[in-house]
Amino acid sequence: QRQMCIRDRFYKSVTPQQAKTIKSIFKAITTKFPQLELVIAWNQPMVKLDKHYIFGASASTKHVLIAPWDAKVLKEFAPKFKEGTALKKTIQLPNDWDVDVKLIQTMIKASLANLK
């Protein structure tokens with residue numbers, strides 16, 4: 001319940017376009033991986049498995065940023081985001097990015113495999 005309010009607050013803090021993109025990204029993740037918990041941490045939406053953070057997203061003025069928490073996964077998948085720019089710990093995507101559900105899900109699958 002409390003997480004819901006915090007999540008709503010996050011989505012109100014970004015543009016409607018960014019909220020739509022970020023919600024679509026997390027829908028792609030939680031639909032395929034229902035065992036992951038969607039939480040707000042460091043004022044941004046994240047998914048985690050038990051105590052392990054797997055993935056997060058945030059927004060800046062001109063971009064949506066996604067962050068796989070696994071450095072190997074970031075390095076492997078960043079080049080696959082054609083519209084994206086790889087930064088040190090995140091991938092910068094356009095606010096109106098057409099969410100590549102398969103790519104996001106494959107990236108999460110790789111992150112989960114690396115936890116084992």
Side-chain angles (χ1 to χ4, degrees):
Q1 182 67 26
R2 185 169 168 269
Q3 279 291 331
M4 212 57 186
C5 299
I6 298 169
R7 207 173 308 149
D8 291 344
R9 205 172 321 143
F10 168 79
Y11 286 121
K12 285 185 176 106
S13 75
V14 298
T15 69
Q17 179 64 66
Q18 289 172 324
K20 181 177 178 234
T21 302
I22 294 171
K23 282 178 181 176
S24 296
I25 290 168
F26 282 103
K27 184 171 188 242
I29 295 169
T30 55
T31 302
K32 176 110 172 137
F33 304 99
Q35 74 274 32
L36 297 180
E37 183 186 2
L38 180 56
V39 298
I40 296 287
W42 299 282
N43 297 321
Q44 46 205 346
M46 308 258 173
V47 287
K48 66 185 215 171
L49 182 63
D50 302 320
K51 63 186 184 299
H52 303 281
Y53 285 96
I54 306 295
F55 178 91
S58 63
S60 64
T61 315
K62 297 183 166 79
H63 314 280
V64 165
L65 298 164
I66 61 169
W69 276 63
D70 184 315
K72 278 189 270 183
V73 170
L74 176 64
K75 194 172 181 219
E76 179 188 344
F77 282 88
K80 298 178 182 180
F81 287 86
K82 301 288 175 247
E83 316 84 336
T85 306
L87 304 172
K88 200 169 185 171
K89 295 190 177 206
T90 59
I91 300 165
Q92 187 177 293
L93 295 163
N95 285 329
D96 62 350
W97 182 55
D98 186 17
V99 177
D100 184 335
V101 172
K102 274 253 179 304
L103 181 55
I104 291 283
Q105 291 175 343
T106 306
M107 186 170 74
I108 298 299
K109 188 177 175 190
S111 292
L112 290 171
N114 287 352
L115 277 183
K116 291 180 172 59

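Using a distance-only test at 3.5 Å, with no hydrogens or angles considered, no donor-acceptor pair links the side chain of Q105 to the main chain of K102. No donor-acceptor pair under 3.5 Å is formed between the side chain of D50 and the backbone N or O of H52. Under a 3.5 Å cut-off, the side chain of Q44 and the backbone N or O of F10 do not form any donor-acceptor pair.
Of all non-hydrogen atoms in I22 and P45, the two that sit nearest each other are CG2-CG, 4.0 Å. Closest heavy-atom contact between K72 and N114: CB-ND2, 4.3 Å. When all heavy atoms are compared, the tightest approach of Y53 to M46 is CD2-CB, 3.9 Å. Heavy-atom minimum distance, K82 versus P79: NZ-O, 3.6 Å. In terms of heavy-atom proximity, T90 sits nearest to A67 at CG2-CB, 3.9 Å. For the residue pair Q18 and V64, the shortest heavy atom distance occurs at CG-CG2, 4.0 Å.
For the residue pair D96 / Q17, no side-chain donor-acceptor distance below 3.5 Å is found, with atom types taken as modelled.
For K48, the NZ atom counts as densely surrounded, since its 6.0 Å shell holds more than 12 non-hydrogen atoms of other residues, nucleotides or ligands. The 12-atom threshold is exceeded at NZ of K80, counting heavy atoms of other residues, nucleotides or ligands nearer than 6.0 Å.
Within the cation-pi definition used here (under 6.0 Å to the ring centroid, within 45° of the axis), K23 qualifies as a partner of Y11.
Between K89 and W69 there is no side-chain heavy-atom pair separated by less than 4.5 Å. Using a 4.5 Å heavy-atom threshold, the side chains of T21 and N95 count as separate. Inter-residue side-chain proximity for L49 and Q35 is flagged as met; some heavy-atom pair is nearer than 4.5 Å. At least one side-chain heavy atom of F81 sits under 4.5 Å from a side-chain heavy atom of I104. Side-chain contact between L36 and L112 is present, with at least one heavy-atom pair separated by less than 4.5 Å.
The CD1 atom of I91 sits 6.5 Å away from the CG atom of L93 when rounded to the nearest 0.5 Å. Here CE of M107 is found 8.5 Å from CD1 of I25. Values are rounded to the nearest 0.5 Å. I40 CD1 to R9 CZ: the interatomic distance, rounded to the nearest 0.5 Å, is 9.5 Å. Note that the NZ atom of K62 and the OG1 atom of T15 stand 12.5 Å from one another [nearest 0.5 Å].
The aromatic rings of F55 and F26 sit perpendicular, their planes meeting at an angle over 60°, well past the 30° parallel limit.
Linking Ile, Leu, Val, Met, Phe, Trp and Tyr residues whenever their side-chain heavy atoms come within less than 4.5 Å leaves L65 and I54 in two separate clusters. There is no path of hydrophobic side-chain contacts, each under 4.5 Å, that joins I66 to L87.
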